[in-house]
2 protein chains.
Amino acid sequence: MSKPQTSRSRASGRVTLADVAAKAGVGTMTASRAISQPDMVSAALRARVDQAVAELGYVPNRVARALASAQSKVIVVLVPSLSNAVFTDVLAGIQDALEPDGYQILIGNTRYSDAEEEKLLGTYLQSSPDGILLSGLTHSKRVTELLASSRRPVVSMMDLAGSPDTMSVGFSQLQAGYTMTRYLLDKGYRRIGFMGAQRDERTLKRLDGYRRALDEAGVYDSRLETMVSDPSTIALGAELLGRMLSATPDCDAIFCCNDDLAQGAIFQCQRRGIAVPRQLAICGFNDLPVSAWMNPSVTTIATPRYRVGFEAAQLLRAVIRGEKPPATRVDLGFTLMARESA
Amino acid sequence: MSKPQTSRSRASGRVTLADVAAKAGVGTMTASRAISQPDMVSAALRARVDQAVAELGYVPNRVARALASAQSKVIVVLVPSLSNAVFTDVLAGIQDALEPDGYQILIGNTRYSDAEEEKLLGTYLQSSPDGILLSGLTHSKRVTELLASSRRPVVSMMDLAGSPDTMSVGFSQLQAGYTMTRYLLDKGYRRIGFMGAQRDERTLKRLDGYRRALDEAGVYDSRLETMVSDPSTIALGAELLGRMLSATPDCDAIFCCNDDLAQGAIFQCQRRGIAVPRQLAICGFNDLPVSAWMNPSVTTIATPRYRVGFEAAQLLRAVIRGEKPPATRVDLGFTLMARESA
DNA sequence: CTGAAAGCGCTTACAG
DNA sequence: CTGAAAGCGCTTACAG
């Protein structure tokens, strides 16, 4: 019934547009139009083609379409982690913005590695993406070159570029770090430590904000900073708390660059019988789900991750369509969540 | 310098294999072979082609290759959630297994919705994937049809199929539910509640295991079951704890179908001054990172998520290559983590 | 080990 | 509103 008539040597056995056209009694390109641009075709014809499609169980070959039209309808998204809820939220926003439009999203997990990012980008560029969504502003030389020679629009997420020439959607990581530290200072804490992991771009900027605030208050002390390169986890937070407490026992508050770290530090305090925040205040960053619920609840910075993904995708889509976007540098802000732990 | 000579109307300006071949002074198909199957070509020729590739900055067009070779090197993965760490771990395993082989992974988030799953599968099938990785065993009629007519190999993840005809990699959800309930019975609990969310296939099987264990012990009471359709979150766990306690105040233990729920329930107990496990034992499922660290730590079932993804991908890859896999039904088991909360 | 021709399944101009 | 021809950039048999 739905057997195609082709008998050439390389025929795939797949139902093609030509089969649909033959069944409907029209040319292939008329069939193509009836499917892709139904408005440009008479209702009767559309109905006939639709029926042929249904009877034959025709599935358009996206690969052939991409090759012929030079439009892949593919967007590449590179995130540094999938185990971090921050980036799965970003992805959710991207998917909601792009999927209604028929885009296919190629997700690459760079695991915070430049080498991985280069490799993934090299592979994904082979799919001729219509645009690229990147995490952060700083990338390796090789990545920058690949991006440039691809001549595809790129939007950076989670931070704000210095110039509007680089499209970016996010918020000021530095200012967020500053705001949190100011909050602790205003509460009267003076020996405020910083606990950082991953040593990525965004963590470093939060650290800059922390330093600036402490400098202004005249209470900066580099010994209060603990920074490691390991991925940020609860277990690491627990461990780093121990380290900080033995290095600087007079520390009265800790700004953790991530909620995981803060949670781990608080759990560790509970095990050691250290009262939070009475003996030691602890705050985090990102407002992950556990933070609002645990006891004590975690003071943190809520970040607009879903919206970052959504707005970045919208911006990219506009540029792909050749529109001039209202802004190429979109600041979505952040919110300090003052809770029990600090 | 690297300007292609093509001047036909639809030329994309992109460097093509023909450009590389011309530069190297060989035919296009020789160039193609030098790139894809370097072993079948003399070293001198390979070097010449490689140099032309480098000088021109040639990036192979994966789309054209897919069309010509009828091999897309695309694997479709459908998961019900990306915010659930369970599935991001599964994805990590899949990526580790597939990316070294040059596969491109198309990730679809069905959000536990049949309609979404149908839509995503319909779209992704247009990319002629070489294989498909699915979560769970039960799918809508439409999905089953799409899968059948695609004639692509499919591996189901996270559960075990009844027959080896359906390829599956996971563990017995029912047995895991049974094991956890038996553990609680052995500890002396008799009024054991079940708290479930999402009402998905796997939750229902855990519930079956719970019922079987309680039935055997002669202490089953349907009033102790609370099951809702909302997504499983910490907030929901907190809320459901309240509901269970007012409905069945004599409940002495709760088996939560998910760690989020268990965590939320425990946090809520802490707020209400209910001692866990002394007054109420609570256990979870999946062993998410917070569970080992919070106080009390959460008794739960550790599930081999990463390995499920990894092994499922390996199995699929073997089948795609036409190999006969050692087994088409792979049981990876689970581990009861007895901790403080129950 | 190397190559000329045909084809993968679709869409893009260009006419009517 | 509809169609025949050419082409997107690669690979597959088939010869040499």
Side-chain angles (χ1 to χ4, degrees), chain A residues 4-22 24-49 53 56 58-74 102 125-128 130, chain B residues 4-22 24-49 53 56 58-74 102 125-128 130:
Chain A
Q5 296 82 340
T6 45
S7 64
R8 282 148 291 163
S9 52
R10 285 171 64 197
S12 62
R14 170 171 196 152
V15 178
T16 71
L17 188 60
D19 299 323
V20 172
V26 298
T28 62
M29 68 140 308
T30 304
S32 168
R33 210 156 17 203
I35 291 167
S36 318
Q37 310 166 58
D39 297 335
M40 296 190 57
V41 133
S42 70
L45 194 150
R46 204 181 322 144
R48 248 192 314 155
V49 172
V53 166
L56 260 26
Y58 171 66
V59 176
N61 184 330
R62 194 183 180 106
V63 160
R65 170 181 298 180
L67 185 58
S69 70
Q71 250 239 335
S72 64
K73 276 275 184 182
V74 164
L125 248 22
Q126 298 181 1
S127 298
S128 317
D130 294 335
Chain B
Q5 297 82 339
T6 45
S7 63
R8 282 148 294 162
S9 53
R10 286 170 63 199
S12 61
R14 171 171 194 152
V15 178
T16 72
L17 188 62
D19 299 323
V20 171
V26 298
T28 62
M29 69 139 307
T30 304
S32 167
R33 209 156 17 203
I35 291 168
S36 319
Q37 309 166 57
D39 297 336
M40 296 191 58
V41 133
S42 71
L45 193 149
R46 203 181 322 144
R48 249 193 311 155
V49 171
V53 166
L56 261 24
Y58 171 66
V59 176
N61 185 330
R62 195 183 180 107
V63 160
R65 169 181 299 179
L67 185 59
S69 70
Q71 250 239 332
S72 64
K73 276 273 183 183
V74 164
L125 248 21
Q126 299 180 0
S127 298
S128 317
D130 294 335

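Below, chain A is the first sequence line, B the second, and so on; all start at residue 1. Because the structure is predicted, anything quoted here is derived from the model rather than measured.
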Check: Counting any heavy atom closer than 4.0 Å, what does Thr30(A) reach on the DNA or RNA strands: base, sugar-phosphate only, or nothing?
Finding: base

Margin query: Does Val26(A) reach a base, just sugar-phosphate, or nothing at all? Heavy atoms under 4.0 Å.
Written below: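 Sugar-phosphate contact only.
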
Notebook entry, point to check: Below 4.0 angstrom from OP1 or OP2 of dC10(D), is there any side-chain N or O of Ser32(B)?
Noted result: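 For dC10(D), neither OP1 nor OP2 has a side-chain N or O of Ser32(B) closer than 4.0 Å.
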
Notebook entry, point to check: Counting only side-chain N and O atoms of Thr28(B), is one of them less than 4.0 Å from OP1 or OP2 of dA4(C)?
Noted result: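 For dA4(C), OP1/OP2 do not have a side-chain N/O of Thr28(B) under 4.0 Å.
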
How many whole angstroms separate atom [atom1] of [X] from atom [atom2] of [N]?
X	N	atom1	atom2	answer
Gln71(A)	dT12(C)	CD	P	9 Å
Asn61(A)	dG7(C)	CG	P	18 Å
Arg33(B)	dC10(D)	CZ	C1'	14 Å

Do any N or O atoms from the side chain of [X] and from the backbone of [Y] form a donor-acceptor pair under 3.5 angstrom?
X	Y	value
Arg62(A)	Lys73(A)	yes
Ser72(A)	Ser128(A)	yes
Arg33(A)	Met40(A)	no

Check: Using purine N1 to pyrimidine N3 plus N6-O4 or O6-N4 for Watson-Crick, or N1-O2 and O6-N3 for G-U wobble, each under 3.5 Å, what pairs with dA13(C)?
Finding: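 With both distances under 3.5 Å required, dA13(C) matches none.
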
Item checked: Atom of Val49(A), atom of Ala31(A) and distance for their closest heavy-atom approach -> CG1-O, 4.2 Å

Notebook entry, point to check: Of Leu17(A) and Val41(B), whose nearest nucleotide on DNA chain C comes first from the 5' end?
Noted result: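 Nearest nucleotide further toward 5': that of Val41(B).
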
Note to self: Please compare Ala18(A) and Met29(A) by the position of their nearest nucleotide in DNA chain C and report the one closer to 5'.
What the structure shows: Ala18(A)

Margin query: Suppose we call a contact any N or O donor and acceptor under 3.5 Å apart; does that hold for the side chain of Arg62(A) and the base of dG9(C)?
Written below: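 Result: no qualifying N/O pair found.
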
